[in-house]
> 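Take a look at this one; I'll ask things after.
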Amino acid sequence: MSEMTLCEKVLARASGKDSVTPGEIIEAKPDVAMSHDNTYLVYRSFVDTGATEISDPGSIAVVLDHRAPASTVNAADSQKEIRRIVKEFGIGRFFDVGSGICHQLLVEDGIVQPGMLVIGSDSHSTTYGAVGAIGIGIGAMDMASIWAKGSLWLKVPESIRLEIAGAPRLGVYAKDIALKMVSELGPMGADYCCIEFHGSYFSTPNLSERMTLCNMAAEAGAKCATVPSRFFKNEVTHSDSKSVRACELPDDKAEYGRELSIDAGALEPLVALPSLVSNCAPVSSVEGEPIDQAFLGTCTNGRLDDLMIASSILKGRRISGGVRLIVTPASREIYLSAMKNGIIETLIDAGAVVTNPGCGPCMGAHQGLLADGEVCISSGNRNFRGRMGSSEARIYLASPATVAASAIEGKIADPRSYLR
Amino acid sequence: MICGRGWMFGSDIDTDKIIPGRYLDNYSFEFLAFHAMEGEDHEFASKVREGDIIVAGKNFGIGSSREQAAIALKHAGIRVIIAESFARIFYRNAVNYGLLPIISPNCTTVFKNGEEICVDLDNGRIFSSDDSGREARFFEIPSIVRQIYDAGGLVGLLKLSDENE
Ligand code: SF4
């Protein structure tokens, strides 16, 4: 039998085969299938197929996070429908408004485990690779087909072996490495591929940082991204199933389509310039660019360590007059821990607006949209035109530290001067 | 054979441009169609007609998994999208909604904005209907994609396979 990458192993198991090869079309059964506010669309297509029962309700998870709480009557109506659907079909894993962002919750709750196949009707489903799973994003109708028959056709992707070596210097975070990765690969550099992470960077295990990296792999077009569990064995819950556990690690002689490396130790803080994520530059090249809003949150960088870094920079300081700082914790658990640690108090003291957990203004639905001509620096993952409101607004992406430093100065700022 | 007017777009047309996030709380297909491509071309929805074709550069549909991007284009009248390349989730969504995505490495250099383009899948040709002989190369459409397209979309295919069981 040929040697397989982590992704190939997971897909072989999920499709009941001994082995799979890149390019092959398979019919795969996900261990977990997640949809969010678009569950209403899933349901509509599901009904159209004529199905009357969900094939495997135990594998389905539904999260209300994108417009939570409902921002319009339309959103309220569809969320009401979703609650009814969840009851009617006996969907066990339901996270209502206020729980947090889908990707955060599925990891935090231990639902996603190493070696699993997770399909999500959200493009950042790549995030699940942070616990050694394979997470693949699809649309709502594909999810309806999973509801109806329990499986989905997939093309087996080629794997890219991406080695991240070294330890980042002061002021450089997983987000900066992620931005570097996307700019090196380009917006389609990992199209249809699985990025398998390796390298000494992962020898200090940090789930949050791995989530940031796997999350942003989507911005290089990756179908999935994963970190083999040898780097964090004791840090996550492993599956009880032997066959799932057998897919946690790639084979030693697995074949990769490409091999790349990034020297984390050589990086400085980066920003993605408007309006493409791969458009990266050192923060020093845009220092002084005035901003109107700073946003700290999202499935990329809305976790406890992110809030902590920002609050350590903002402690005893105030954000610049005329600037809004919006903070959206990624989950209720994170929100609570940040409250207990005094982080929320520090942020509010500094002038931040702290919202409920969820997606916040990340995709321009509510809670802090941008006006014509405004500039925002965000800890999120996308800066496309119109992403956060007006298509005449401009969005920069950066680490939570850079976002916090910029909020203080009212213009894009290098976080390193606040860290010494 | 499918013929329609071709509308040209550049590369990296993301789903925020095809249908901005603020409209996603509305599930009326007509409403979504009315805002199709709004982030790139405000006039698009009023210009586009039933049966029209989009011709675009690289990475069409990059970004969010929102299926409303495919829905908006479909209900605005678009039947075929010819692009140098597609973002993968958009590609799937388009096929699922009965749109035909065609990958053509030279489409943007062969065709002109607004002209009539014909797609003849059976004979493997995409050409300008003006007799000038201009043709675009394109990659073979994978059989699974052809199957879904021929069934009118994924729901159609699922219904078919139910009947055959
Ligand atoms: S936080 Fe932003 S990128 Fe993440 S799931 Fe929500 S809308 Fe998508």
Side-chain angles (χ1 to χ4, degrees), chain A residues 25 37-38 40-42 44-46 48-51 66-67 70-78 120-125 136-145 148-149 153 155 157 187-188 191-192 218-219 221-223 275-276 362-366 369 382 384-389 391, chain B residues 11-29 31 38-40 42 58-59 61-71 84-98 142-145 147-148 153-163 165:
Chain A
I25 304 279
D37 297 39
N38 59 15
Y40 183 55
L41 270 181
V42 177
R44 288 219 310 211
S45 293
F46 172 75
D48 286 346
T49 66
H66 276 56
R67 288 169 192 273
S71 55
T72 61
V73 176
N74 274 332
D77 283 342
S78 64
S121 60
D122 186 274
S123 54
H124 292 103
S125 301
I136 296 176
I138 42 105
M141 198 184 278
D142 275 327
M143 184 55 71
S145 119
K149 59 175 183 165
W153 74 270
K155 188 159 99 178
M188 10 187 300
D191 260 6
Y192 295 95
E219 304 312 316
K223 179 170 188 160
S275 300
L276 203 56
C362 173
M363 64 138 217
H366 62 169
L369 305 199
R382 282 200 179 123
F384 302 147
R385 257 180 67 195
R387 171 79 179 174
M388 293 179 72
S391 50
Chain B
S11 287
D12 298 320
I13 299 294
D14 58 69
T15 52
D16 285 285
K17 287 186 184 129
I18 302 173
I19 186 82
R22 61 182 174 279
Y23 298 136
L24 301 186
D25 66 332
N26 197 316
Y27 292 92
S28 148
F29 291 174
F31 173 87
E38 189 174 290
E40 183 67 11
H42 263 281
K58 293 194 170 63
N59 221 1
I62 173 182
S64 129
S65 65
R66 67 187 65 157
E67 171 164 289
Q68 287 92 333
I71 295 173
E84 290 172 22
S85 69
F86 289 89
R88 63 162 274 284
I89 302 180
F90 178 84
Y91 182 91
R92 284 189 82 113
N93 289 343
V95 178
N96 288 349
Y97 268 91
S143 67
I144 178 96
V145 170
Q147 251 180 353
I148 299 171
L154 184 61
V155 165
L157 184 71
L158 289 172
K159 273 191 192 150
L160 278 180
S161 50
D162 247 15
E163 284 161 18
E165 254 162 31

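This structure is a prediction, so every number in the text was calculated from the model and none was measured. When reading the values below, keep in mind they use all heavy atoms of this one structure, side chains included, and skip hydrogens, waters and symmetry mates. In what follows, every chain begins at residue 1, and chains take the letters A, B, ... in the order their sequences are listed.
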> Counting only non-hydrogen atoms closer than 4.5 Å, does B:N93 touch chain A with its backbone (N, CA, C, O), its side chain (CB onward), both, or neither?
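Side chain only.
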> Any idea which of B:S65, B:P20, B:S85 has the most non-hydrogen atom pairs under 4.5 angstrom with chain A?
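The candidate making the most pairs under 4.5 Å is B:S65.
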> Given 3.5 Å as the limit, does a donor-acceptor pair link the side chain of A:R382 with the main chain of B:G63, or not?
yes
> Using non-hydrogen atoms only, which part of B:Y91 is less than 4.5 Å away from chain A: side chain, backbone, both, or neither?
side chain
> Out of A:Y40, A:Y192, A:W153, return the one with the most heavy atom pairs under 4.5 angstrom to chain B.
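The option with the most such pairs is A:W153.
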> Is A:K223 in contact with chain B via its backbone, its side chain, both, or neither, using a 4.5 Å heavy-atom distance?
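Both the backbone and the side chain of A:K223 come within 4.5 Å of chain B.
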> With side chain to side chain contact (heavy atoms under 4.5 Å, CB included) as the criterion, how do B:I62 and A:F384 come out once you've worked through the C-alpha distance, each side chain's angles and the decisive distance to 0.1 Å?
CA-CA 10 Å; B:I62 173 182; A:F384 302 147; 4.0 Å; yes
> Side chain, backbone, both or neither: which part of A:R67 has an atom under 4.5 Å from a heavy atom of chain B?
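Contact with chain B involves the side chain of A:R67 alone.
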> Who wins among A:L369, A:D48, A:D77, A:D37 for the most heavy-atom pairs under 4.5 Å with chain B?
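Heavy-atom pair counts peak at A:D48.
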> Look up atom CG in B:D16 and atom CE in A:M388, then write down how far apart they are to the nearest 0.5 Å.
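Nearest 0.5 Å value for the CG-CE distance: 11.0 Å.
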> What closest approach, in Å, do B:D12 and A:P187 show between heavy atoms, and which atom pair accounts for it?
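Closest approach of B:D12 to A:P187, heavy atoms only: OD1-CG, 4.2 Å.
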> Between B:I13 and chain A, which part of the residue has a heavy atom less than 4.5 Å away: side chain, backbone, both or neither?
neither
> Under a 4.5 Å heavy-atom cut-off, does chain B meet the side chain of A:R385, its backbone, both or neither?
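For A:R385, the contact with chain B is made by backbone and side chain together.
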> In this structure, are over 12 heavy atoms from other groups packed under 6.0 Å from A:K155 atom NZ?
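Atom NZ in A:K155 is not crowded, with 12 or fewer foreign heavy atoms closer than 6.0 Å.
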> Which atoms of A:S121 are under 4.5 Å from chain B, going by heavy atoms: the side chain, the backbone, both sets, or neither?
backbone
> side-chain contact (heavy atoms from CB on, under 4.5 Å) with A:M141: which of B:L154, B:L158, B:I71?
B:L154
> Are side-chain heavy atoms of B:R88 and A:I136 found at a separation under 4.5 Å?
yes
> Decide yes or no on side chain to side chain contact (heavy atoms under 4.5 Å, CB included) for A:S123 and B:F90, but give the supporting numbers first.
CA-CA 10 Å; A:S123 54; B:F90 178 84; over 6 Å; no
> Who pairs with B:T15 by side chain to side chain contact (heavy atoms under 4.5 Å, CB included), at least two apart in sequence or on another chain?
B:S64, B:R66, B:A69
> Among A:A365, A:S145, A:S391, which residue forms the greatest number of heavy-atom pairs with chain B at distances under 4.5 Å?
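Maximum pair count with chain B is reached by A:S145.
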> Could you tell me which portion of B:N59 (side chain, backbone, both or neither) has an atom closer than 4.5 angstrom to a non-hydrogen atom of chain A?
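Looking at B:N59, backbone and side chain both touch chain A.
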> Return the minimal non-hydrogen interatomic distance between B:N96 and A:D142, and the atom names on each side.
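Residues B:N96 and A:D142, closest heavy atoms: ND2-OD1, 2.9 Å.
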> Tell me, side chain or backbone of A:D191 under 4.5 Å from chain B's heavy atoms, or both, or neither?
side chain
> Might you work through the side chain to side chain contact (heavy atoms under 4.5 Å, CB included) test for B:Y27 and A:L41, ending with a clear yes or no?
CA-CA 8 Å; B:Y27 292 92; A:L41 270 181; 3.7 Å; yes
> Out of curiosity, B:I89 CD1 to A:S125 OG, how far, rounded to the nearest 0.5 Å?
7.0 Å
> Check whether any side-chain heavy atom of B:P142 sits under 4.5 Å from a side-chain heavy atom of A:I25, and report yes or no.
no
> So B:E67 and A:I138, side chain to side chain contact (heavy atoms under 4.5 Å, CB included) or not? Walk me through it.
CA-CA 9 Å; B:E67 171 164 289; A:I138 42 105; over 6 Å; no
